[in-house]
Engineer: 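Below is a structure I'd like to ask you about.
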Amino acid sequence: QVQLVESGGGLVQAGGSLRLSCAASGRTSSIYRMGWFRQAPGKEREFVAQIWGSGGSTTYADSVKGRFSISRDNAKNTVYLQMNSLKSEDTAVYYCAVAVGVGSYNYWGQGTQVTVSS
């Protein structure tokens with residue numbers, strides 16, 4: 001069992017930056033990978049970025065490459081999403097997620113709203 005709490009969302013103008021944080025608790029030693037997803041109004045939830053629990057390799061959606069950066073602090077059981085050069089298209093609820101063991105993401109936070117005004 002893993003619990004996730006996101007923070008750092010808010011309202012920002014286009015071109016601005018935000019940093020999202022996700023604090024994990026519970027069976028954190030079993031986390032295989034951690035990631036960020038988002039869901040915009042009228043859209044399905046989509047993948048944004050992920051980082052492996054071991055090794056630290058990262059993957060990004062094409063829409064955020066060069067603008068977003070995912071990182072982790074294992075000592076604090078926290079994953080971050082640094083978002084730069086934000087665009088109105090980035091407006092969404094952002095969710096932190098983890099996969100415990102090999103397989104699909106199976107634990108999710110409650111989400112944090114990011115709104116980018118133009």
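Positions are given from 1, in the same order as the sequence printed here. The basis for the numbers below is simple: all heavy atoms, side chains too, and nothing from hydrogens, waters or symmetry mates. Note that the structure is a prediction, hence the values are computed from the model and not measured.
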Engineer: Would you say the ring centroid of Y32 lies under 6.0 angstrom from that of W52?
Structural biologist: yes
Engineer: Report the distance from atom OG of S118 to atom CD of E89, rounding to the nearest 0.5 Å.
Structural biologist: 8.5 Å
Engineer: Under 30°, 30 to 60°, or over 60°: which ring-plane class applies to W108 and Y95, parallel, tilted or perpendicular?
Structural biologist: perpendicular
Engineer: Check the hydrophobic clustering (I, L, V, M, F, W, Y; side-chain heavy atoms under 4.5 Å; chains of links allowed) and say if V12 and V64 are grouped together.
Structural biologist: yes
Engineer: Does K87 come within less than 4.0 Å of D90, counting only side-chain N to carboxylate O?
Structural biologist: no
Engineer: Return the minimal non-hydrogen interatomic distance between N106 and V100, and the atom names on each side.
Structural biologist: OD1-N, 3.2 Å
Engineer: Give the cluster check for L81 versus F37: same hydrophobic cluster or not, with ILVMFWY residues linked at side-chain heavy-atom distances below 4.5 Å.
Structural biologist: no
Engineer: Between R38 and S63, is there a side-chain heavy-atom distance shorter than 4.5 Å?
Structural biologist: yes
Engineer: Quick check on the hydrophobic clustering: are Y80 and M34 connected, directly or via other members, by side-chain heavy-atom contacts under 4.5 Å?
Structural biologist: no
Engineer: Is any side-chain heavy atom of V114 less than 4.5 Å from a side-chain heavy atom of L20?
Structural biologist: yes
Engineer: How far apart are the closest heavy atoms of I31 and A24, and which atoms are they?
Structural biologist: CD1-CB, 4.3 Å
Engineer: So do the side chains of Y60 and S69 get within less than 4.5 Å of each other, counting heavy atoms only?
Structural biologist: yes
Engineer: In Å and rounded to the nearest 0.5 Å, what is the CG to OG distance from N74 to S29?
Structural biologist: 11.5 Å
Engineer: Are any side-chain N or O atoms of E6 and backbone N or O atoms of T112, one a donor and one an acceptor, separated by less than 3.5 Å?
Structural biologist: no
Engineer: For R72 and G53, indicate whether the former's side chain and the latter's backbone hold a donor-acceptor pair under 3.5 Å.
Structural biologist: yes
Engineer: For the CD atom of Q82 and the OG atom of S21, what is their distance to the nearest 0.5 Å?
Structural biologist: 9.5 Å
Engineer: Tell me whether T28 contacts the main-chain N or O of S25 through its side chain, where contact means a donor paired with an acceptor under 3.5 Å.
Structural biologist: no
Engineer: In Å and rounded to the nearest 0.5 Å, what is the CZ to OG distance from R67 to S17?
Structural biologist: 10.0 Å
Engineer: Nearest 0.5 angstrom please: Q39 CD to E44 CD, how far?
Structural biologist: 8.0 Å
Engineer: I need the F68 CZ to S85 OG distance, nearest 0.5 Å.
Structural biologist: 9.0 Å
Engineer: Looking at D62 and K65, what are the two nearest heavy atoms and their distance?
Structural biologist: OD1-NZ, 3.0 Å
Engineer: What verdict does the side chain to side chain contact (heavy atoms under 4.5 Å, CB included) test give for L11 and Q113, after you've listed the backbone C-alpha separation in whole Å, the side-chain angles of each residue and the deciding distance to 0.1 Å?
Structural biologist: CA-CA 8 Å; L11 175 64; Q113 176 70 46; over 6 Å; no
Engineer: Can any side-chain N or O of R33 pair as donor or acceptor with the backbone N or O of G103 at less than 3.5 Å?
Structural biologist: yes
Engineer: Is there a path of hydrophobic side-chain contacts, each under 4.5 Å between heavy atoms, that joins L86 and F47?
Structural biologist: no
Engineer: Are Y107 and V79 connected in a single hydrophobic cluster, I mean Ile/Leu/Val/Met/Phe/Trp/Tyr linked by side-chain heavy atoms less than 4.5 Å apart?
Structural biologist: yes
Engineer: Can you tell me if T58 uses its side chain to pair, donor with acceptor, with the backbone of I51 under 3.5 Å?
Structural biologist: no
